[in-house]
Amino acid sequence: MDDVLLAGPDDERCLALDQPITRETLRNPVTERQTHLHGAGLRAGGTVALCLPPSLAGITTMLAAGVFRAGLRDAFRERYPATLFGTMYGMTESG
């Protein structure tokens, strides 16, 4: 999922929340959050507990922590199918 959301031109839209989100808008906070998590001791194979509402902050934290690569993306997508990912991958409100 992170490869899809973060790869591509800066000005290309990759998410639709309250407003369209470009890759540039997403990359900067992901990089900042990665630095913060690494400074807090998170390393590859580590564990992260998140308690964030569906939001840009939640997405950037999950991307920074590698949550999508860890396999939790499917559970997240089932709970918030259209809210975070809009019509990406053909998802609808009903999932």
Side-chain angles (χ1 to χ4, degrees):
M1 178 69 64
D2 52 345
D3 292 338
V4 172
L5 292 175
L6 298 174
D10 284 345
D11 62 347
E12 189 173 72
R13 187 176 116 176
C14 62
L15 287 174
L17 299 174
D18 293 337
Q19 60 186 4
I21 305 296
T22 64
R23 286 191 167 81
E24 181 178 30
T25 303
L26 190 59
R27 284 183 187 130
N28 293 332
V30 168
T31 301
E32 290 171 9
R33 183 63 63 182
Q34 283 173 328
T35 301
H36 175 79
L37 292 171
H38 190 265
L42 181 63
R43 302 293 185 269
T47 301
V48 176
L50 301 173
C51 183
L52 295 166
S55 62
L56 183 58
I59 293 169
T60 58
T61 301
M62 286 187 285
L63 288 168
V67 170
F68 287 112
R69 284 189 183 254
L72 297 179
R73 65 183 173 272
D74 294 330
F76 187 82
R77 184 173 52 188
E78 286 175 18
R79 182 159 182 188
Y80 304 106
T83 304
L84 296 174
F85 300 104
T87 57
M88 289 179 66
Y89 311 110
M91 294 187 300
T92 64
E93 287 289 339
S94 62

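Below, each value reflects all heavy atoms present in this structure, side chains not excepted, and no hydrogens, waters or symmetry copies. For the single chain, residues carry numbers from 1 onward in sequence order.
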With sequence neighbours left out, what residues match [X] under side-chain contact (heavy atoms from CB on, under 4.5 Å)?
{"X": "Glu32", "answer": "none"}
{"X": "Leu6", "answer": "Asp2, Leu26, Arg27, Val30, Leu63"}
{"X": "Thr35", "answer": "none"}

* Asked: Of all residues at least two apart in sequence or in a different chain, which pass the side-chain hydrogen bond (donor to acceptor under 3.5 Å, both in side chains) check with Glu12?
  ->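 Counting only residues at least two positions away or on another chain, Glu12 forms a side-chain hydrogen bond (donor to acceptor under 3.5 Å, both in side chains) with Arg23.
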
* Structure fact -> Thr22 meets the side-chain hydrogen bond (donor to acceptor under 3.5 Å, both in side chains) criterion, sequence neighbours left out, with Thr25

* **Thr60 side chain vs Ala57 backbone, donor-acceptor pair below 3.5 Å** =>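 Yes, the answer is positive, given that a donor and an acceptor are paired below the 3.5 Å cut-off.
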
* To the nearest 0.5 Å, tell me how far Leu37 CG sits from Thr61 OG1. => 7.0 Å

* Flag the pair Leu17 / Ile59 as yes when at least one side-chain heavy-atom distance between them is below 4.5 Å, and no otherwise. =>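 Yes, close enough: below the 4.5 Å cut-off.
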
